[in-house]
Structure formats: C-alpha cells, structure tokens
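Only this structure's heavy atoms are used, side chains among them; waters, hydrogens and symmetry mates stay out. Along the sequence shown, the residues carry numbers beginning at 1.
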Amino acid sequence: MSTSVPSDEAFVRQIAPVVTQTLANEFAHLPGQAAAAILRQTLATCLIIRRKATKQRLNLSLFARRVTREQVLSWLAAQGSPTQQTSAMSQIMAENRDAVARYLAQFRFRTTDVADEVLNDSFAAFFTNLADRKPVEALLSTCLISIARFKALHQLRQERTDPVEQTNWLETTFLTVDEADMGTMTWPLTTADDEPISIDLPVTTADGRSGTIQIDVSTFRTWLADCFSRLGAARQLLFRLRYKYWSEQELRTMSMDEVQAVFDDLDMTEIAAKAGYTNAHTASVRLNESRSRLRDCLTEKMKNAAL
C-alpha cells in the first residue's frame, strides 16, 4: 500500500508546532532573537533533509525534535557564552565521536595515530565552520561524516611516497574543497592550511635562461589536468593505479570497497593486469613514457609562461 508524501507546505505545517514547542519547553533560556533564528534554520534544514534523503522519516515528531536540538547545540557552540560554547562543543563531540570513528575505521591509514588525527581534525573543521557562521543544513552526524570523508581521502593522498607525488595537493581542476555532496552531505569544508596560493617552479626558457616563475596553484592544476587529459585512456588508468591519482568526482562514483582498492599498494604485475597490459615490463615502460610526456607537457607550459 502506497503512502502519499505531503507537500513542502504540509510538511512544514506538521513539524512547525513540534519545533516551536521544543524550543519553548526545553530551551526557554535562549534569547528571543536566537530562538526565532533557530526556528527558521530548523525548518529550512528539515526541508533540505527531506528533499535529499533517500528514505522519508516515519516519525516526524522525533525527527523535528532531533533537528531542533542539534540546531540549538550548533547555535550555542558558535554564539553562546564561553561556558555555553564549551559545553555545547563537548556535547556534540560526545554524541557523535563514536559514529565518526566507526566511519573512519573503513579507511586503512598507516597508523592508528593517523586515524585519531583525522578524527580530531574533522571536529576542528566542523567547529571552525560553526564559528564562521556557516549554517548547519543536515544532521550533525552527516555534517561530521562528510568532513571526515574529505579529511580521510586527503590523508590517503598525503601518504603517497613516490617522488612524483611530493606535491600531492597539486591535483587537478576537478578537486575542490567543497566536494562532500553525497546524499545530505553538502556542508562547506574549510580549505586545508597546507595548500599554498602560489608556488615557485624552476624553468629554462627557449633561449637557455634559467630561473624560477611564480605560478598560481589553480593555474598549475589547470595545466596538470590538460596535460593528463592528453594521455590515452590506458595510460591514464596506469598512472592512476600506480600513483593513486583519482579525482574526488571519480571517487564519489565508487563503493567503499572500490575506494579502498584504488588506494591499496599494488605491484606492477597487478597494475598491468588491471590496466590491460600483458605483463609488468610493458606496463613499466608505458608508465615511464607517460611520466615523460606529462613532464614535457608541463615544462612547455612553464616555458611559455616565462616568456
């Protein structure tokens, strides 16, 4: 038997009294202006979740009370008194830390210390966004897991050891800081502190002059994406498997098992088989050729920029 889904207006009429009553009964100590702002944000967040969630909430009252309570905690953590901020942040961590830790357990970091660091960084980024007055437009657990996912994938890229990836933050134009948009995971992320605005690159011009040029990181990413696109599909796959060179757009289309698989350390025999080459030797030769092509392309772009 099918159940009709109420319109947005009907949905708001159903949950608005619950939100209003929850604020009046449980959070009467809030200033009137704050309560009004929290009411508006709670209704907006409930609508956003309703539109994006794959399954509709069966108990709207419980759902509305939960979102209201989480919006109050978010407001207190950002705009409350120092004591209220500390208490709210501690409560958010206590209620969500285990869920985020379980999610991060799916990733294979080099050490458990790294996993703990990613976990703590995720909460720090969340509280930074709160301090910057960014609206919470999902459940707190969803916001935190979206940040943790971004941090985890960023950490896996940083753990590459090949010299060609020493500047691993120079990915491609389709890697952005606002990339965790699966389901209701649309909360904005803080830009990584270790990503510079520009870099200095050595260059030799066509007339033999040596020196350095300062290139904006976004410009270099554009160059890198263009040069990489000139490699054939087989060579691109070979390069990706060897250096774990995957965009967030591509990772979002993969299952968790597939994400883990592409970050596993594969030997050249395994890489050759996945990339469609007959043996490891052939794959190694094609890989070296691809590296040379990529380097030559980037060198040409740097020379042109230095003119």
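Contact check on Arg230 versus Asp226 returns a salt bridge, with a Lys/Arg side-chain nitrogen under 4.0 Å from an Asp/Glu carboxylate oxygen. The residues Glu70 and Arg65 are annotated as not salt-bridged, no charged nitrogen and carboxylate oxygen being separated by less than 4.0 angstrom. Taking the charged nitrogens against the carboxylate oxygens, Glu117 and Lys151 have no contact shorter than 4.0 Å, which rules out a salt bridge.
The line from NZ of Lys301 to CG of Asp296 is 13.0 Å long, rounded to the nearest 0.5 Å. In this structure, OG in Ser141 is found 12.5 Å from OH in Tyr103, a value given to the nearest 0.5 Å. Annotation: the span from Leu139 atom CG to Ser146 atom OG amounts to 11.5 Å, rounded to 0.5 Å. We find the CG-CG distance between Leu294 and Leu224 to be 6.0 Å, quoted to the nearest 0.5 Å. Note: Leu73 CG to Met89 CE = 11.5 Å, rounded to the nearest 0.5 Å. The distance from atom CZ of Arg149 to atom CG of Leu144, rounded to the nearest 0.5 Å, is 15.0 Å.
A pairwise comparison of heavy atoms in Cys143 and Ala138 identifies SG-CB, 3.9 Å as the closest pair. The two residues Ala125 and Ile147 have their closest heavy-atom pair at CB-CG2, 3.9 Å. Taking each heavy atom of Gly80 and Gln84 in turn, the nearest pair found is CA-OE1, 3.4 Å. The shortest non-hydrogen separation linking Ala64 to Val19 is CB-CG2, 4.1 Å. Heavy-atom minimum distance, Ser74 versus Leu140: OG-CD2, 3.5 Å. Between Gln85 and Ala78, the closest heavy-atom pair is NE2-O, 3.3 Å.
In this structure, the side chains of Lys274 and Leu237 stay at 4.5 Å or more apart for every pair of heavy atoms. Contact annotation: the side chain of Met268 approaches that of Ile271 to within less than 4.5 Å [non-hydrogen atoms, C-beta and beyond]. Looking at Arg97 and Phe123, their side chains come closer than 4.5 Å, going by heavy atoms from C-beta outward. Residues Leu76 and Ser87 have side chains not in contact (no heavy-atom distance under 4.5 Å, counting atoms from C-beta outward). Side-chain contact between Ile92 and Phe126 is present, with at least one heavy-atom pair separated by less than 4.5 Å. The shortest side-chain heavy-atom distance between Trp223 and Cys297 does not fall under the 4.5 Å cut-off.
Arg293 and Asn288 share no side-chain donor-acceptor pair at under 3.5 Å.
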| request: Go through the steps for Phe127 and Met93 under the test side chain to side chain contact (heavy atoms under 4.5 Å, CB included), then give the verdict. | output: CA-CA 10 Å; Phe127 291 133; Met93 291 188 68; 3.9 Å; yes
| Evaluation steps, side chain to side chain contact (heavy atoms under 4.5 Å, CB included), between Arg69 and Phe27 | CA-CA 9 Å; Arg69 182 173 171 275; Phe27 304 103; 4.2 Å; yes
| field | Candidate pair Trp75 and Leu30, rule side chain to side chain contact (heavy atoms under 4.5 Å, CB included), full reasoning | value | CA-CA 10 Å; Trp75 186 91; Leu30 290 172; 4.0 Å; yes
| message | Using side chain to side chain contact (heavy atoms under 4.5 Å, CB included), reason through Phe11 and Cys46 one step at a time and then give a plain yes or no. | response | CA-CA 9 Å; Phe11 176 76; Cys46 287; 4.0 Å; yes
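Here side chain to side chain donor-acceptor pair (under 3.5 Å) pairs that include residues 31-48, with residues two or more places apart or in two chains, are Gln41-Thr45, Thr45-Gln71.
At least one donor-acceptor pair under 3.5 Å links the side chain of Gln236 to the backbone N or O of Phe228. Of the possible donor and acceptor atoms, one in the side chain of Thr128 sits under 3.5 Å from a partner among the backbone N and O of Ala124. A donor-acceptor pair is defined here as one N or O able to donate and one able to accept, closer than 3.5 Å; no such pair exists between the side chain of Arg286 and the backbone of Arg235. Within the 3.5 Å criterion, the main-chain N or O of Ala88 finds no donor-acceptor partner in the side chain of Gln91.
Remark: Asn279 engages His281, Thr282 in a side-chain contact (heavy atoms from CB on, under 4.5 Å) (not counting sequence neighbours).
Tested against Val136 for a side-chain contact (heavy atoms from CB on, under 4.5 Å), the candidates Val67, Asn129, Leu130 yield a single pass: Leu130. Evaluated for a side-chain contact (heavy atoms from CB on, under 4.5 Å) with Thr68, the options Leu23, Leu39, Val18 yield exactly one hit, Leu23. Of the residues Leu104, Val100, Asp98, the one that meets the side-chain contact (heavy atoms from CB on, under 4.5 Å) test with Arg102 is Asp98.
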